Amino acid sequence: MEDTKRMFWNEPNSKSYGIPTVSIPRLSYKDPLADKLIANMKPVVLTDTNLVGSAMKWDSHYLQENLGDSPCTVYLSKTHKFKYFDANQTKKCDNDFSPPTEQIVMRFQEFVKRLKSWKEGDKRLYMQEPLNEKILKSLQLVNDILTFNWGWARMQQKQNNWGPLTTNLLMISTQGNVTPAHFDNQHNLFAQIYGYKRFILFPPEDYDKLYPHPVWHPHDRQSQVDFDYPDYTKFPKFHDIKGHEALLGPGDVLYLPLYWWHHVESLLQTHFTISLNFWYKAGPNLCLSDSTLYPLEGYQKMAIMRNVEKMLVEALRDVNEVGPLLRTILEGRYN
Ligand SMILES: O=C(O)C(=O)C[C@H](CCCc1ccccc1)C(=O)O
Ligand SMILES: [Zn+2]
């Protein structure tokens, strides 16, 4: 029994979902191609940035010592999926929205206790807490953060015209958890600290194949397609989706460009995984101006479509009128 258990643990739990993928390049940060890809808003895995070198020693014991009684946000799910939702947008859903996860605040040491005793069948846990003065009480941890490779991160931020760093989200996930496909409106330097995570990315122009929820929906920015059981009747174009895949291990940093879709899963090699992201606001080139280059990029068209939807919700005041009005514009005139 032990051997088969061990063998099972060694092989990544990466289900294929039947989606064809190409590998995201893994390069040294010294490779000029790395900077070229980032400048062109293409994903790339950097293997030796040492961005969070001082966090390589962060394990559950060390974090418990240094975060012990800090309150942290923990999501609970009965399934392996942790589909993010904006609780402030549930009111527009006239109560047919059922939250897929529970969000609770608990002391970090309480979280570690539950994480350690977690076993298959228990509710899955996902701690997601921004690192900021609210929870950073220990000088040791502050010192670790101060010794991140900020020089490299700031150089990327500057030479690629990103906006300000807004968040460093600390994520600690039980093995096998999945964050379903979604996009964020920030650039992301995603650092893997402990355990392995698999990313499947899709470019912004795959908007039509991933069928995002409406902008006013609690699941705004998330794909409606359930990758485990895709509904090809409702979402026929999902059939043609092609992904860009990366397997991240400790020390790897994935540059995840603004508006790129991503599905993330924690693999089974370890009981839990630890990651830290660096979210940077979009730079000025998200707004159209007389210096905008044409034809527009996928991410710019995505921003336009979202703005049109938001403007219509605002103007019509009734989300159920948006579809009919858009169809009136389209039918027999633009299709
Ligand atoms: O770093 C990213 O962008 C990720 O998606 C990482 C992802 C967890 C993020 C959860 C989340 C999704 C949407 C809004 C706020 C928080 C993971 O690693 O499981
Ligand atoms: Zn994300």
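The analysis underlying the following values was restricted to heavy atoms, covering all of them including side chains, and did not include hydrogens, waters or symmetry mates. In listed order, ligands and their atoms are each counted from 1. Note that this is a predicted model, so its numbers are computed, not measured.
More than 12 non-hydrogen atoms from other residues, nucleotides or ligands lie less than 6.0 angstrom from CZ of F82.
Considering backbone and side-chain atoms alike, Y84 places every N or O at 3.5 Å or more from each N or O of ligand 1. Polar contact check, Q222 against ligand 1: no nitrogen or oxygen pair lies under 3.5 Å apart.
The closest side-chain donor-acceptor pair between N66 and S138 falls under 3.5 angstrom. S23 and E245 share no donor-acceptor pair across their side chains, judged by distance under 3.5 Å alone. Using modelled atom types and a 3.5 Å distance limit, the side chains of T174 and N177 yield a donor-acceptor pair. Side-chain contact, K197 with S275: a donor N or O sits under 3.5 Å from an acceptor N or O. With hydrogens and angles left out, the side-chain atoms of K119 and H271 include no donor and acceptor closer than 3.5 Å.
For the atom pair I104 CD1 and M127 CE, the distance stands at 12.5 Å (nearest 0.5 Å).
Residue-level proximity to ligand 1 for Y126 is carried by the side chain, the only part with a heavy atom below 4.0 angstrom.
Considering only non-hydrogen protein atoms, atom 12 (C) of ligand 1 sits nearest to H182 NE2, 3.7 Å. Scanning the protein for heavy atoms near atom 7 (C) of ligand 1, the closest one is T179 OG1, 3.7 Å. Of the protein's non-hydrogen atoms, D184 OD2, 2.8 Å is the one closest to atom 3 (O) of ligand 1.
Summarising the contacts of atom 4 (C) of ligand 1 with H263, Q186, H262, the nearest heavy atom is found in H262.
Seen from the Zn ion (ligand 2), atom NE2 of H182 and atom OD2 of D184 lie 110° apart in angle, a value rounded to 10°.
Applying the 4.0 Å criterion to heavy atoms of N277 picks out, from ligand 1, the atoms 1 (O), 2 (C). Annotation for ligand 1: atoms under 4.0 Å from non-hydrogen atoms of Q128 are 8 (C), 10 (C). Contact atoms of ligand 1 toward N188: 1 (O), 2 (C), 3 (O) (distance under 4.0 Å to a heavy atom of the residue). Shown in contact with F190 at under 4.0 Å from a heavy atom are these atoms of ligand 1, numbered in order with element: 1 (O), 6 (C), 18 (O).
At a threshold of 4.0 Å, the pair E102-K78 does not count as salt-bridged, since none of the basic side-chain nitrogens sits closer than that to a carboxylate oxygen.
Assignment of K197 to the shell around ligand 1 is supported, since a heavy atom sits closer than 4.0 Å.
Of all N/O/S atoms in H262, NE2 sits nearest the Zn ion (ligand 2).
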Original post:
Going through the checks in order, is the side chain to side chain contact (heavy atoms under 4.5 Å, CB included) test met by D184 and W279?
Top reply: CA-CA 9 Å; D184 303 298; W279 265 323; 3.9 Å; yes
